[in-house]
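Note sheet for the following structure.
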Amino acid sequence: MPVIYYTYYTPVSDSVSAVEAQEHSLGRTLLLTGLKELYHIHYSTDELEESLLISPEGKPYLARLPYIHFNITHCHRLVACAFSFHPIGIDGELPEAFENALIKKVFSPEEKYFFYQAATTAELRIQWFFKFWTLKEAYVKKTGTGISIPLTELTFTFSQIPTPDTISCPDPGTACRQFVLKTGHILSVCYESDSGDETISLNLL
């Protein structure tokens with residue numbers, strides 16, 4: 001069963017580097033919390049840093065614990081970390097105005113058709129864009145292949161409008177879930193699954 005830990009934060013300053021350091025620290029805290037609570041592994045911060053490695057594609061992994069899959073995301077005022085026994089990717093965003101040119105760069109033809117049917121207001125337009133965007137980012141992070149996968153070649157489908165219950169991934173071995181948090185953040189997770197009907201534990205710290 002995939003497990004997600006997440007936390008909100010208030011930026012420590014207006015400095016981009018300071019906020020990035022804050023997000024980095026919170027991500028490590030969530031990772032340490034998950035290792036302790038889910039796997040009974042009590043790493044110190046130094047032990048965690050020694051175990052963490054980066055794949056050639058840029059995906060972090062735990063060299064000493066190859067059976068534990070995790071992924072971290074951070075955006076404005078939110079940091080989250082997802083855990084699984086199989087490859088997993090997570091992405092979070094706080095919806096905001098975006099450049100229209102991104103629609104052509106991100107959406108497949110099928111997604112564009114759905115988007116223009118569903119995005120009937122300015123607010124829905126922003127919401128639906130980030131629903132698709134976070135799914136694609138989460139999938140790419142799950143595979144660990146980086147941006148080598150053209151986003152327009154990935155087609156995600158939603159079960160119904162305006163309250164989608166099921167998300168279908170173009171990869172039949174991958175399940176996808178999406179959460180809209182009380183703050184408006186959209187959190188999407190993609191993970192390897194045989195059934196796709198697992199319950200995801202969402203934990204606010």
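Computed over heavy atoms, backbone and side chain alike; hydrogens, waters and symmetry mates excluded. All values derive from a computational prediction rather than experimental measurement.
In this structure, CD on Glu37 lies 4.0 Å from OH on Tyr5, to the nearest 0.5 angstrom. Atom CG of residue Leu26 and atom CG of residue Leu30 lie 6.5 Å apart, to the nearest 0.5 angstrom. The distance from atom CD of Gln178 to atom CG of Leu187, rounded to the nearest 0.5 Å, is 9.0 Å. In this structure, CZ in Phe129 is found 10.5 Å from CD1 in Ile186, a value given to the nearest 0.5 Å. Once rounded to the nearest 0.5 Å, the distance linking CZ of Arg177 with CG of Leu202 reads 9.0 Å. Note: Thr157 OG1 to Ile167 CD1 = 9.0 Å, rounded to the nearest 0.5 Å.
Across every non-hydrogen atom of Leu205 and Thr7, the tightest pair is O-OG1, 3.1 Å. The shortest heavy-atom contact between Ser13 and Ser15 is OG-N, 3.0 Å. Nearest heavy-atom pair across Leu124 and Thr120 is CD1-OG1, 3.4 Å. Annotation for His185 and Cys75: closest pair CD2-SG, 3.6 Å, computed over non-hydrogen atoms. Listed here is the closest heavy atom pair of Leu135 and Cys190: O-SG, 3.7 Å.
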### Chi angles and distances behind the side-chain contact (heavy atoms from CB on, under 4.5 Å) call for Lys131, Val180
CA-CA 9 Å; Lys131 281 177 176 286; Val180 179; 4.0 Å; yes

### Worked check of salt bridge (charged side-chain N to carboxylate O under 4.0 Å, His left out) between Glu47 and Arg64
CA-CA 10 Å; Glu47 288 172 328; Arg64 300 176 185 174; 5.6 Å; no

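Transitive grouping of hydrophobic side chains (ILVMFWY, heavy atoms separated by less than 4.5 Å) keeps Leu151 and Tyr113 in distinct clusters. Both Val3 and Leu62 are part of a single hydrophobic cluster, where members link through side-chain heavy atoms under 4.5 Å apart. In the hydrophobic cluster analysis, where Ile, Leu, Val, Met, Phe, Trp and Tyr join through side-chain heavy atoms closer than 4.5 angstrom, Phe179 is grouped apart from Met1. Linking Ile, Leu, Val, Met, Phe, Trp and Tyr whenever their side-chain heavy atoms come within less than 4.5 Å leaves Leu204 and Leu32 in two separate clusters. In the hydrophobic cluster analysis, where Ile, Leu, Val, Met, Phe, Trp and Tyr join through side-chain heavy atoms closer than 4.5 angstrom, Ile72 is grouped apart from Leu53.
Residues that satisfy the salt bridge (charged side-chain N to carboxylate O under 4.0 Å, His left out) test with Lys141, not counting sequence neighbours, are absent from this structure. In terms of the ring-ring contact (aromatic ring centres under 6.0 Å, His included) criterion, Tyr43 has no residue partners (sequence neighbours excluded). In this structure Asp171 satisfies the side chain to side chain contact (heavy atoms under 4.5 Å, CB included) test together with Tyr139, Lys142, Cys169, Thr174, sequence neighbours excluded. Residues passing the salt bridge (charged side-chain N to carboxylate O under 4.0 Å, His left out) test with Glu49, sequence neighbours excluded: Arg28.
Comment: Lys136 does not engage Glu153 in a salt bridge, judged by the lack of any side-chain N to carboxylate O separation of less than 4.0 angstrom.
Looking at Ser25, its side chain never comes within 3.5 Å of a backbone N or O of Gln22 through a donor-acceptor pair. Within the 3.5 Å criterion, the main-chain N or O of Leu48 finds no donor-acceptor partner in the side chain of Ser51.
Tested against Trp128 for a ring pair (Phe, Tyr, Trp, His ring centres under 6.0 Å), the candidates Phe115, Phe114, Trp133, Tyr116 yield a single pass: Phe114. With Tyr9 as reference, Glu23 is the one residue of Arg77, Glu23, His76 to meet the side chain to side chain donor-acceptor pair (under 3.5 Å) rule.
You'll find the side chain of Val19 stays beyond 4.5 Å of the side chain of Asp14, heavy atoms only. At a threshold of 4.5 Å between non-hydrogen side-chain atoms, the residues Thr45 and Thr29 do not count as touching. Ile200 has its side chain within reach of Tyr191: a pair of non-hydrogen atoms, C-beta onward, lies under 4.5 Å apart. A heavy-atom distance below 4.5 Å is found between the side chains of Ile4 and Val189. With a 4.5 Å cut-off on side-chain heavy atoms, Glu137 and Ser188 do not count as touching. Between Tyr8 and Leu181 there is a side-chain heavy-atom pair separated by less than 4.5 Å.
Side chain to side chain, Asn203 and Ser201 meet the donor-acceptor criterion of an N or O pair below 3.5 Å.
The aromatic ring centres of Tyr61 and Phe70 sit 6.0 Å or more apart. Taking the six-membered ring for Trp and the full ring otherwise, the centers of Phe158 and Phe132 sit less than 6.0 Å from each other.
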Sequence neighbours left out, cut at 3.5 Å: what donor-acceptor pairs do the side chains of residues 86-104 make with other protein atoms?
residue, atom, partner, partner atom, Å
Asn100, OD1, Arg125, NH2, 2.8

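Sorted by first and then second residue, the pairs that involve residues 18-39 and meet ring pair (Phe, Tyr, Trp, His ring centres under 6.0 Å), not counting sequence neighbours, are Tyr39-Phe85.
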